[in-house]
Amino acid sequence: MDANEIAAVFNEIAILLELRGENVFKINAYRKAARALETLTQPLDNLIAEGNLAKVDGIGKALLIKIETLHKTNRLEELEHLRGQVPPGLLEMLRLPGIGPKKVKALYEGLGIASLVALKEACESDQIAKVKGFGPKTQVNILEGIAFLKEGEGRVHRPIALEVANDLVNRLRQIEGVQRIEIAGSLRRLRDTVKDIDIVATLAPGVDPEGVMDVFVAYPQVVHVSGRGQTKASVVLEVRNPMMLSGRSRLGADLRLVAPENFAPALAYFTGSKEHNVRLRSLAIEAGYKLNEYALAGPNGPLDCPTEESIYRHLGLAWVPPELREMTGEIAAADPKAKSGLPNLIPMGALKGIFHNHTTASDGNASLEEMALAARELGLEYFGVADHSQSLGIANGLTPDRVKKQWTEVDLLNAKLEGVHIFKGTEVDILEDGSLDYDDALLAGFDYVVASVHMYMNQPKDEMTARIIKAISHPSVTMLGHPTGRLLLRRNAYAVDLDAVLAAAMKHQVMIEINANPWRLDLDWIHVRRARELGILLVINPDAHATNEIANIRYGLEVARRGWCEAEDVFNTRGVLEVTKHLQERKERKG
DNA sequence: GCCGTTTTCGGCCCGACTGTTTTCAGTCG
């Protein structure tokens with residue numbers, strides 16, 4: 001097993017121990033070790049070979065032996081023993097918001113409930129409220145939680161699906177006779193979560209499709225083959241998913257084999273969205289054609305469509321990038337006669353720096369220097385440090401004294417490092433009443449200020465809205481961090497009137513963050529688009545807590561593209577000189 | 001289970017919310 005797989009085992013052990021009511025500090029030790037494994041700076045093999053694993057913080061004698069056992073044998077007796085003692089249904093119950101190990105244990109021991117299905121029935125027949133420690137409110141919350149989980153069921157975050165899809169496609173591409181092969185579907189449209197993987201491929205004439213299908217269904221992560229024919233096969237994959245308590249998730253994958261001349265129509269068809277396709281088909285009919293997954297055909301047979309561009313061209317349209325095919329105005333914009341055409345989308349490598357990042361000073365796991373160097377390594381010109389502010393004790397937020405020490409450190413590093421400039425920032429907490437977690441004098445000393453909500457997320461909508469607007473009205477605030485607080489497939493956005501917030505951001509010339517953490521992606525694309533239309537400047541930030549999280553900016557760029565952004569809509573496409581000038585002028589103006 | 005110029009036991013980021021109680025346990029970040 002590699003480090004990530006062992007980390008998943010430790011996380012699973014932690015959950016199982018929790019359900020058994022074990023010592024919480026022991027449980028935390030497993031979690032801490034898992035996190036350490038996930039963020040190793042050296043390969044696990046080397047650490048073991050050189051006997052340096054025990055030097056890693058959080059890994060002691062007992063866990064060292066377990067790591068070595070798992071690494072060597074892929075098995076751990078303790079895990080199997082624990083799995084045998086805890087009904088698997090308890091793990092899914094833990095996914096309910098507001099339900100933790102103690103409550104699950106109480107329900108299991110009190111009513112014998114060991115699955116979400118049984119729990120739902122017990123709620124509906126009013127049994128739960130009778131258990132000690134539970135009441136009518138909890139019963140309602142459980143039912144709402146079950147409904148929420150259902151909604152997200154079967155969807156996985158983009159990086160998880162993308163990793164396995166790329167691997168699968170690379171494997172299929174190596175088969176002799178496979179000519180063109182592409183990922184289609186929502187993955188190609190850059191959606192933040194996906195339900196399944198769609199792959200379209202063509203074979204050279206005379207190649208037997210069976211051989212390709214054999215490889216597809218024999219892919220190691222396939223756990224179920226739900227269909228298999230000459231042109232289409234469907235499987236269910238089991239993939240590693242750190243977001244799930246079990247560490248695993250299932251998602252479907254479809255492979256479609258088409259004749260070479262049908263490739264472009266098939267790719268377009270299976271890319272979707274369904275609504276976009278429906279509109280394209282009706283345009284085809286208006287033009288006297290017929291469009292389906294095989295061809296765009298006229299009265300005299302199929303038209304030559306070797307590329308997607310040619311299909312759109314036959315319909316009198318410019319090619320629409322897949323990420324815009326959501327039937328939100330893209331077809332009208334693709335008309336050459338349209339007043340405003342399709343956007344010139346921000347290129348994937350367009351960012352020159354980042355602003356929202358953490359270091360070991362708060363809750364990051366790399367030093368300021370390590371983070372800045374990692375940014376430089378990725379070709380960025382500047383790195384903004386924005387550690388948490390003092391009230392966020394859980395994240396080791398910085399007191400004013402520690403802020404000033406960090407400023408000194410920044411100055412020293414800027415004198416020393418070449419090729420990367422460090423900006424002094426903070427992720428200051430927006431307190432319950434909308435005031436900020438540092439005084440005005442200190443705030444004025446930063447190059448820029450990211451303001452974010454981390455506490456009191458359950459405020460009523462009008463209070464939350466007023467709170468955020470008050471915060472971004474503060475003259476020192478440069479950008480609003482993760483504006484809605486959502487966690488994809490995990491937690492909904494908090495109640496907030498986002499349009500009112502955007503209007504205030506516009507008024508006060510505050511930037512809005514696209515948080516590129518792939519588990520957040522907050523602001524979402526639809527609101528990115530709205531912000532852009534209002535003329536609000538956006539900023540893409542990784543919210544990195546480790547050096548390897550800086551590369552997450554790609555997911556933020558994808559959201560920006562889905563939100564129709566061009567390079568000029570995003571602040572950090574600007575170079576270090578321009579950014580410095582902008583931040584300075586802004587401070588002088590707001591003074 | 002980890003960690004230690006507190007060195008082999010006794011701590012382990014901790015404050016606030018929610019829903020249940022009638023002073024608090026469980027959950028969350």
Side-chain angles (χ1 to χ4, degrees), chain A residues 6-7 9-11 13-37 53-67 76 78-79 82 93-110 123 128-145 245 358 360-365 387-399 402 427 429-433 437 452-460 463-464 481-482 485-487 490-492 494 517 519-520 543 545:
Chain A
I6 297 170
V9 168
F10 282 2
N11 279 323
I13 290 175
I15 292 157
L16 294 170
L17 290 175
E18 256 180 342
L19 288 169
R20 295 196 40 185
E22 300 268 344
N23 179 302
V24 290
F25 298 109
K26 179 172 165 180
I27 292 161
N28 277 339
Y30 275 98
R31 293 230 161 89
K32 196 178 168 198
R35 176 91 183 135
L37 284 167
L53 193 54
K55 288 184 194 152
V56 176
D57 195 34
I59 296 175
K61 251 189 204 151
L63 291 185
L64 177 68
I65 293 169
K66 286 177 185 164
I67 292 169
L76 192 66
E78 186 187 357
L79 175 66
L82 279 169
M93 287 164 66
L94 266 183
R95 290 166 58 203
L96 292 166
I99 301 297
K102 300 269 171 61
K103 289 224 159 96
V104 169
K105 201 160 171 266
L107 289 168
Y108 179 55
E109 284 169 0
C123 284
I128 299 299
K130 291 177 192 140
V131 181
K132 190 171 182 321
F134 291 75
K137 200 88 192 213
T138 311
Q139 200 162 268
V140 171
N141 285 346
I142 289 174
L143 284 172
E144 281 176 2
L245 287 162
H358 301 270
T360 42
S362 63
D363 59 348
N365 73 0
D387 275 312
H388 288 288
S389 60
Q390 52 191 344
S391 285
L392 211 61
I394 184 164
N396 193 21
L398 274 62
T399 57
R402 293 181 61 216
E427 184 183 18
D429 246 81
I430 300 176
L431 302 177
E432 187 177 10
D433 63 352
D437 196 24
S452 305
V453 168
H454 294 106
M455 303 181 282
Y456 308 99
M457 293 200 186
N458 291 325
Q459 281 179 327
E463 278 177 38
M464 180 62 90
H482 43 74
R486 78 157 176 191
L487 297 176
R490 273 285 192 84
R491 180 177 76 200
N492 281 324
Y494 37 66
N517 182 316
W519 321 115
R520 274 189 190 274
D543 197 352
H545 289 70

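Note on naming: letters A, B, ... go to the chains in the order of the sequence lines (proteins, then strands), and numbering restarts at 1 for each one. Computation of the quantities below employed the complete heavy-atom set of this structure, encompassing side-chain atoms and omitting hydrogens, waters and symmetry-equivalent molecules.
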Exercise. If you look at every heavy atom in A/S389 and A/D429, which pair is closest and at what distance?
Worked result: OG-N, 2.9 Å
Exercise. On a whole-Å scale, what distance lies between the P atoms belonging to B/dA16 and B/dT21?
Worked result: 24 Å
Problem set entry | Distance, rounded to the nearest Å, where A/L63 contributes CG and B/dC12 contributes P | 20 Å
Exercise. Which atom names give the shortest non-hydrogen contact between A/G481 and A/S452, and what distance separates them?
Worked result: CA-OG, 3.5 Å
Exercise. In whole Å, what is the span from the CE atom of A/M455 to the P atom of B/dG29?
Worked result: 14 Å
Exercise. Do A/K66's NZ or CZ and the ring of A/F10 fall within the cation-pi criteria of under 6.0 Å and 45°?
Worked result: no
Exercise. So what does A/I99 hit on the nucleic acid, given a heavy-atom distance under 4.0 Å: a base, only sugar-phosphate, or nothing?
Worked result: sugar-phosphate
For this session: Considering only atom C1', compute the distance from B/dT23 to B/dC17 and round it to an integer number of Å.
Result: 16 Å
Problem set entry | Nearest-nucleotide pick for A/N23, side chain only, options being B/dC2, B/dC12, B/dC3 | B/dC12
Exercise. Rounded to the nearest 0.5 Å, how far does CG of A/L392 lie from CG of A/D387?
Worked result: 11.0 Å
Exercise. Which value, in whole Å, describes the distance between the C1' atoms of nucleotides B/dT20 and B/dG26?
Worked result: 10 Å
Exercise. Which part of the nucleic acid does A/I59 contact within heavy-atom distance under 4.0 Å: base, sugar-phosphate only, or nothing?
Worked result: sugar-phosphate
For this session: Using the C1' atom as the reference point in each nucleotide, state the distance between B/dC13 and B/dC3 in Å, no decimals.
Result: 15 Å
Exercise. What integer number of Å spans the C1' atoms of B/dG15 and B/dG10?
Worked result: 23 Å
For this session: Rounded off to whole Å, could you give me the NZ-to-P distance for the A/K105 and B/dG26 pair?
Result: 10 Å
Exercise. Taking the inter-plane angle between the rings of A/H388 and A/H545 on a 0 to 90° scale, is it parallel (under 30°), tilted (30 to 60°) or perpendicular (over 60°)?
Worked result: tilted
Problem set entry | Integer angstrom distance from the C1' of B/dG11 to that of B/dT6 | 10 Å
Exercise. Over how many whole Å does the gap from A/I142 atom CD1 to B/dG26 atom P extend?
Worked result: 15 Å
For this session: Supply the atom-to-atom distance A/D437 CG to A/M455 CE, rounded to the nearest 0.5 angstrom.
Result: 6.0 Å
Exercise. Taking NZ from A/K61 and C1' from B/dT7, how many angstroms apart are they, rounded to a whole number?
Worked result: 13 Å
For this session: Could you give the distance separating B/dC12 and B/dT18 at their P atoms, to the nearest angstrom?
Result: 27 Å
Exercise. Which whole-number value in Å describes the distance from A/L82 CG to B/dG1 P?
Worked result: 11 Å
Exercise. P atom, B/dT8 versus B/dC14: distance in rounded Å?
Worked result: 23 Å
Seminar exercise, completed: CD of A/Q459 to CG of A/D433, rounded to nearest 0.5 Å, is 9.0 Å
Seminar exercise, completed: Distance col, row A/I99:CD1 vs A/I142:CD1, nearest 0.5 angstrom, shows 4.0 Å
For this session: Find which nucleotide of DNA chain B each of A/I27 and A/G100 is nearest to by heavy atoms, and output the residue with the more 5' nucleotide.
Result: A/I27
Between the protein and nucleotides 13-21 of chain B, list every N/O to N/O distance that falls short of 3.5 Å.
residue, atom, partner, partner atom, Å
B/dC13, O2, A/I394, O, 2.7
B/dC13, N3, A/I394, O, 3.4
B/dG19, OP1, A/N141, ND2, 3.0
B/dG19, O3', A/T138, OG1, 3.0
B/dT20, OP1, A/G135, N, 2.4
B/dT20, OP1, A/G135, O, 2.9
B/dT20, OP1, A/P136, N, 3.4
B/dT20, OP1, A/T138, N, 3.2
B/dT20, OP1, A/T138, OG1, 2.8

Problem set entry | Distance, rounded to the nearest Å, where A/W519 contributes CH2 and B/dG29 contributes P | 16 Å
Exercise. Rounding to a whole Å, what distance do you find between A/L392:CG and B/dG29:P?
Worked result: 12 Å
Problem set entry | Identified pairing partner of B/dC28, criterion: Watson-Crick or G-U wobble below 3.5 Å | B/dG15
Exercise. Which part of the nucleic acid, if any, lies within contact of A/K66, taking any heavy atom under 4.0 Å across all strands shown: a base, the sugar-phosphate backbone alone, or nothing?
Worked result: sugar-phosphate
